[in-house]
A.B. asks: 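Just passing along the structure, written as structure tokens.
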There are 2 protein chains.
Amino acid sequence: MMELTRKGEYAIRGIVYLAGRPTDKVCLLNDIATAVDVPSTFLAKIFQQFSKIGLVKSFRGTGGGFMLGRAPENITLLEVVEAVEGPIVPNRCVVNPSDCDRSGYCNVHPVWKRVQDEVCKALAGVTLKELAAEHKAK
Amino acid sequence: MMELTRKGEYAIRGIVYLAGRPTDKVCLLNDIATAVDVPSTFLAKIFQQFSKIGLVKSFRGTGGGFMLGRAPENITLLEVVEAVEGPIVPNRCVVNPSDCDRSGYCNVHPVWKRVQDEVCKALAGVTLKELAAEHKAK
DNA sequence: CCCTAAAAAGATATATATTGTCTTTTTTGT
DNA sequence: ACAAAAAAGACAATATATATCTTTTTAGGG
């Protein structure tokens with residue numbers, strides 16, 4: 001339950017890789033796909049979604065490719081995940097409260113709210129800069 | 001993303017209802033299903049799963065039905081959810097770390113661990129007793 | 001202006017998971 | 001023996017996930 005899809009995983013891999021590249025030049029989709037081991041046609045769809053909301057900037061034609069849309073320290077993991085998976089909704093009652101008052105008041109509802117809150121907080125607390133950073137030997 | 005399935009929702013409804021009934025007598029599956037507005041054939045499958053792990057006790061034959069397997073204050077929402085949805089796994093790397101070290105060390109991994117932890121904590125912090133309680137007018 | 005590189009867009013395909021239903025079997029009390 | 005009730009198993013429709021392939025649009029370079 002509550003599992004990230006392949007699409008979400010791929011999305012993170014791709015954009016984290018991009019965040020680790022020099023910011024002054026574009027990356028080819030195929031290079032990214034190869035580097036992070038994702039089917040390039042699938043990654044293309046993902047990056048199209050990123051592009052639409054400005055998470056990445058795309059350049060078409062010869063010399064084209066992708067760049068991060070903003071500085072990596074200003075993009076959170078939450079944004080990335082929600083860009084491709086939609087909003088964090090542990091139960092539909094959280095998005096549509098009318099489902100919830102099936103019989104008066106539902107005691108479970110606040111729990112899902114809490115879950116939603118905690119997940120968002122955890123994901124919003126990490127930026128692409130941190131994710132792209134070389135890890136220290138442990 | 002991270003959405004409870006119908007099955008999970010139904011499971012909660014069913015067992016919370018059971019927790020709100022007198023503990024000294026059995027409930028018929030059909031009565032529960034009707035009360036919580038769930039297809040009874042579907043709820044049957046769910047309660048079979050509950051029964052196997054002892055969350056509920058089942059009695060077959062005439063006069064049979066279901067009872068809670070333990071006192072409602074000793075059953076957490078986490079147990080109920082995991083009984084039908086499986087473990088809380090926000091990303092498969094959390095369950096199978098070998099997926100994770102695709103390229104050395106993955107900075108995202110601890111975030112998923114954290115998410116897993118927070119969700120479990122939130123769900124484990126609520127018992128059926130609380131969920132079955134009449135809510136106070138607010 | 002043409003050619004090529006590259007992303008965007010759209011159509012299609014397959015596999016898996018979800019959400020059930022229906023039938024048969026087993027158990028149990030009367 | 002009969003009836004009530006859960007257990008078990010087979011089946012089916014739908015939705016979602018996971019892609020792939022083709023065509024179109026855009027842009028740069030000669």
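All heavy atoms count here, side chains included; hydrogens, waters and symmetry mates do not. Numbers restart at 1 for each chain; the letters A, B, ... are given by sequence-line order, proteins then strands.
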A.B. asks: Rounded to whole Å, please give me the gap between CD1 in I46(B) and P in dA7(D).
C.D. replies: 13 Å
A.B. asks: Would you classify K52(A) as touching base, sugar-phosphate or nothing, given that sugar-phosphate means primed atoms plus P, OP1 and OP2, and contacts are heavy atoms under 4.0 Å?
C.D. replies: sugar-phosphate
A.B. asks: In whole angstroms, how far is the C1' atom of dA5(C) from the CG atom of L28(A)?
C.D. replies: 9 Å
A.B. asks: Indicate yes or no for a side-chain donor-acceptor contact from E82(B) to the backbone of I88(B) under 3.5 Å, with no hydrogens or angles considered.
C.D. replies: yes
A.B. asks: Below 3.5 Å between N/O atoms, which protein atoms pair up with nucleotides 28-30 of chain D? Just atom names and distances, please.
C.D. replies:
none

A.B. asks: Nearest heavy-atom pair of V94(B) and Q116(B): which atoms, and what distance?
C.D. replies: CG1-OE1, 3.0 Å
A.B. asks: What is the separation between atom CE on M67(A) and atom P on dA6(C), rounded to the nearest whole Å?
C.D. replies: 17 Å
A.B. asks: Search all heavy atoms of G64(A) against all heavy atoms of L28(A) and return the closest pair with its distance.
C.D. replies: O-CD2, 3.2 Å
A.B. asks: Which pair of heavy atoms, one from E79(B) and one from L55(B), lies closest together, and at what distance?
C.D. replies: O-CD1, 4.0 Å
A.B. asks: Taking all heavy atoms of L131(B) and all of N107(A), pick out the closest pair and write down the distance.
C.D. replies: O-ND2, 2.9 Å
A.B. asks: Do E9(B) and N91(A) get their side chains close enough for a donor-acceptor pair, meaning under 3.5 Å?
C.D. replies: yes
A.B. asks: Can you list everything that forms a ring-ring contact (aromatic ring centres under 6.0 Å, His included) with F47(A)? Sequence neighbours excluded, please.
C.D. replies: F50(A), F66(A)
A.B. asks: So F47(B), base contact, sugar-phosphate only, or nothing? Heavy-atom distance under 4.0 Å.
C.D. replies: nothing
A.B. asks: What is the distance, rounded to the nearest whole Å, between atom NZ of K57(A) and atom C1' of dA27(D)?
C.D. replies: 17 Å
A.B. asks: What's F59(B) touching, base or sugar-phosphate or nothing? Going by heavy atoms closer than 4.0 Å.
C.D. replies: sugar-phosphate
A.B. asks: Give a yes/no on whether any side-chain N or O of S58(B) is located under 4.0 angstrom from OP1 or OP2 of dA7(D).
C.D. replies: yes
A.B. asks: Starting from P on dG9(D), measure out to CD on Q49(B) and report it in whole angstrom.
C.D. replies: 14 Å
A.B. asks: Heavy atoms only: give me the nearest V38(B)-R13(B) pair and the separation to one decimal.
C.D. replies: CG2-NH1, 4.2 Å
A.B. asks: Do nucleotides 16-23 of chain C as a string where each nucleotide becomes B, S or -: B if the base has a protein heavy atom under 4.0 Å, S if just the sugar-phosphate does, - if no protein is that close.
C.D. replies: ---SSB--
A.B. asks: Calculate the interatomic distance between I32(B) atom CD1 and dA5(D) atom P; express it in whole Å.
C.D. replies: 12 Å
A.B. asks: Looking at Q49(B) and I46(B), would you say the former's side chain and the latter's main chain have a donor-acceptor pair under 3.5 Å?
C.D. replies: no
A.B. asks: Check the distance between dT20(D)'s P and L43(A)'s CG and give it to me in whole angstrom.
C.D. replies: 12 Å
A.B. asks: Q48(B) side chain: which of dA8(C), dA7(D), dA6(C) is closest?
C.D. replies: dA7(D)
